[in-house]
Amino acid sequence: MIIDATDRRIIEATQAGLPLVPHPYAQIARDLGLSETDLHDRLRAMQDSGIIRRIAVAPNHYKLGMTANGMSVWDVADDRIADLGQKVGNLDFVSHCYERPRALPGWPYNLFAMLHGSSRAEVETLRDQVAGLLGDACRGHDILYSTQILKKTGLRLRQNKA
Amino acid sequence: MTPDDTDRRILNHLQEGFPIATDPFAVAAAELGLEESDLIARLQAMRDARIITRFGPFFDAAALGGDFCLCAMEVPEDRFDAVAGMVNARPEVAHNYRRDHRLNMWFVLATETPEEIDRVARDLTGQTGCEVLCFPKLREFFVRFRVAA
């Protein structure tokens, strides 16, 4: 799906969040000069095509006690990664799961899975579950904990394509 | 504030999705057995207390155009702050984390084209004297991550 200038305005108007009022979509449509039906249709089209992953609440996992997160990295046999990567992604404590290229010789890992728990000890038991799932398809792994946020900016939409 | 059992039910339920409808809070409230006004008030309180980070559509950044790449560097400790300054000064660097590993600086580049990813990585390698390793996403696996509230 190719998004047009109106879709782009909808993204800009909603990426910080929906208004907490009884008719949030009507309010956004009014602000953008659209009909509410048109807005619904465009949101559904973007949802169907995957541009909108979902419309939902994102809880602050730190405030709910999930204070430890580790980037686990795995060296998985190339002919098994498609299947096993999806199984790792399906674990309910894995928030991001990607296949990435190795950087040999120093970096043999090709599967990245972010693990979340209430402590490093818990993250390490989660790591053991991933290791059990990968079995003999895994030749090595590591966990990298973040110790400092050096920079964090939100998604910025490009302005010149509208 | 501390979320109560009803707040926790709301968080668990609305992580799964929120409807596109004329009166979406009434729809969601009915699913939860709550009044629409109570649901809105609780969401407002949790947003104000930053228990909710975001409430709304989550967009796939790559689908909006542009290119993204996870990068890492091995930075000598005595130059860490100086290198972090050079990396963070680039507008293409979206976020940057220190991690406890030989590769101790991990950041994401966001540019309009794949060529620009390579160019920025080469520039930063030259400028800092630390090789920038690029780990582009080859495949993304679907996740069902939810925070148990």
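The structure displayed is predicted, hence computed values, not measured ones. Letters A, B, ... are given to chains in the order of the sequence lines, protein chains preceding strands, and every chain is numbered from 1.
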*Trace of the side chain to side chain contact (heavy atoms under 4.5 Å, CB included) decision for Y97(B) with L144(A)*: CA-CA 11 Å; Y97(B) 289 88; L144(A) 283 70; over 6 Å; no
*Step by step, work out the side chain to side chain contact (heavy atoms under 4.5 Å, CB included) result for L20(A) and R47(B).*
CA-CA 10 Å; L20(A) 295 173; R47(B) 188 140 92 174; 3.7 Å; yes
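The greatest number of non-hydrogen atom pairs below 4.5 Å with chain B, out of T37(A), N60(A), I55(A), is found for I55(A). With respect to chain B, the highest number of heavy-atom pairs below 4.5 Å among M66(A), R54(A), K87(A) belongs to R54(A). Considering only heavy-atom pairs separated by less than 4.5 Å from chain A, the leading option among V108(B), L14(B), L138(B) is L138(B). Interface remark: of the candidates A103(A), C97(A), G17(A), C97(A) forms the most heavy-atom pairs closer than 4.5 Å to chain B. Put simply, of K137(B), R54(B), H95(B), the one with the most heavy-atom pairs under 4.5 Å next to chain A is R54(B). Listed options M71(A), H96(A), Q47(A) were ranked by heavy-atom pairs under 4.5 angstrom with chain B; first place goes to M71(A). The residue among L11(B), L39(B), I52(B) with the most heavy atom pairs within less than 4.5 Å of chain A is I52(B). Among the candidates G65(A), G106(A), P59(A), S49(A), the residue making the largest number of heavy-atom pairs closer than 4.5 Å to chain B is P59(A). Comparing I10(B), N88(B), N104(B) by how many heavy-atom pairs each has under 4.5 Å with chain A, the most go to N88(B). For chain A, the option among Q44(B), M46(B), R102(B) with the highest count of heavy-atom pairs below 4.5 Å is Q44(B).
The CG atom of L150(A) sits 14.0 Å away from the CH2 atom of W106(B) when rounded to the nearest 0.5 Å. Between the CG atom of L70(B) and the CZ atom of F112(A) there is a distance of 6.0 Å, given to the nearest 0.5 Å.
For I20(B), the parts lying under 4.5 angstrom from a heavy atom of chain A are both the backbone and the side chain. Heavy atoms of V88(A) lying under 4.5 Å from chain B are absent altogether. Contact annotation for Q86(A): both backbone and side-chain heavy atoms come within less than 4.5 Å of a heavy atom of chain B. Using a 4.5 Å cut-off between heavy atoms, M105(B) contacts chain A through its side chain alone, with no backbone atom that close. Heavy atoms of A49(B) lying under 4.5 Å from chain A belong exclusively to its backbone. Neither the backbone nor the side chain of Y62(A) comes within less than 4.5 Å of any heavy atom of chain B. Proximity to chain B (any heavy atom under 4.5 Å) is restricted, for D142(A), to the side chain, taken from C-beta onward. Only the side chain of E36(B) comes within less than 4.5 Å of a heavy atom in chain A; its backbone stays farther off. For L103(B), the parts lying under 4.5 angstrom from a heavy atom of chain A are both the backbone and the side chain. With a threshold of 4.5 angstrom between heavy atoms, A21(B) approaches chain A through N, CA, C or O but not through any side-chain atom. With a 4.5 angstrom heavy-atom cutoff, A82(A) touches chain B via backbone and side-chain atoms both.
D5(B) CG: 12 or fewer foreign heavy atoms inside a 6.0 Å radius. Heavy-atom neighbours of H141(A) NE2 from other residues, nucleotides or ligands within 6.0 Å: above the threshold of 12.
Although no hydrogens or angles enter the test, the distance criterion places a donor-acceptor pair under 3.5 Å between the side chain of H23(A) and the main chain of T22(B).
Inter-residue side-chain proximity for V94(A) and F141(B) is flagged as unmet; no heavy-atom pair is nearer than 4.5 Å. Counting only heavy atoms from C-beta outward, the side chains of P24(B) and L18(A) never approach each other to under 4.5 Å. Residues I40(B) and P22(A) meet the side-chain proximity criterion, which asks for heavy atoms closer than 4.5 Å. Residues R98(B) and Y145(A) fail the side-chain proximity criterion, which asks for heavy atoms closer than 4.5 Å. The shortest side-chain heavy-atom distance between F59(B) and I51(A) falls under the 4.5 Å cut-off.
In plain terms, the two heavy atoms of S95(A) and V143(B) that are nearest each other are O-CG2, 3.4 Å. Of all heavy-atom pairs spanning F25(B) and P24(A), the tightest one is CE1-CG, 3.7 Å. Shortest non-hydrogen contact noted between P3(B) and L64(A) is CG-CD2, 4.0 Å. Heavy-atom minimum distance, S146(A) versus R99(B): N-NH1, 3.3 Å. Closest approach of I81(A) to R139(B), counting heavy atoms only: CG2-NH2, 4.1 Å.
By the 30° and 60° cut-offs, the orientation of the rings of F145(B) relative to H116(A) is tilted.
Taking hydrophobic clusters as Ile, Leu, Val, Met, Phe, Trp and Tyr residues chained together by side-chain heavy-atom distances below 4.5 Å, W107(A) shares a cluster with M114(A).
The residues R120(A) and D100(B) are annotated as salt-bridged, a charged nitrogen and a carboxylate oxygen being separated by less than 4.0 angstrom. A salt bridge links R53(A) and D60(B); the closest N-O separation between the charged side-chain nitrogens and carboxylate oxygens is under 4.0 Å. With respect to K151(A) and E92(B), no salt bridge is recorded, no charged nitrogen being found less than 4.0 Å from a carboxylate O.
The residue from L43(B), T53(B), I51(B), N12(B) that alone fulfils the side chain to side chain contact (heavy atoms under 4.5 Å, CB included) condition with V57(A) is L43(B).
Note that R100(A) lies outside the cation-pi zone of F135(B), set by a 6.0 Å cut-off to the ring centre and a 45° limit from the axis.
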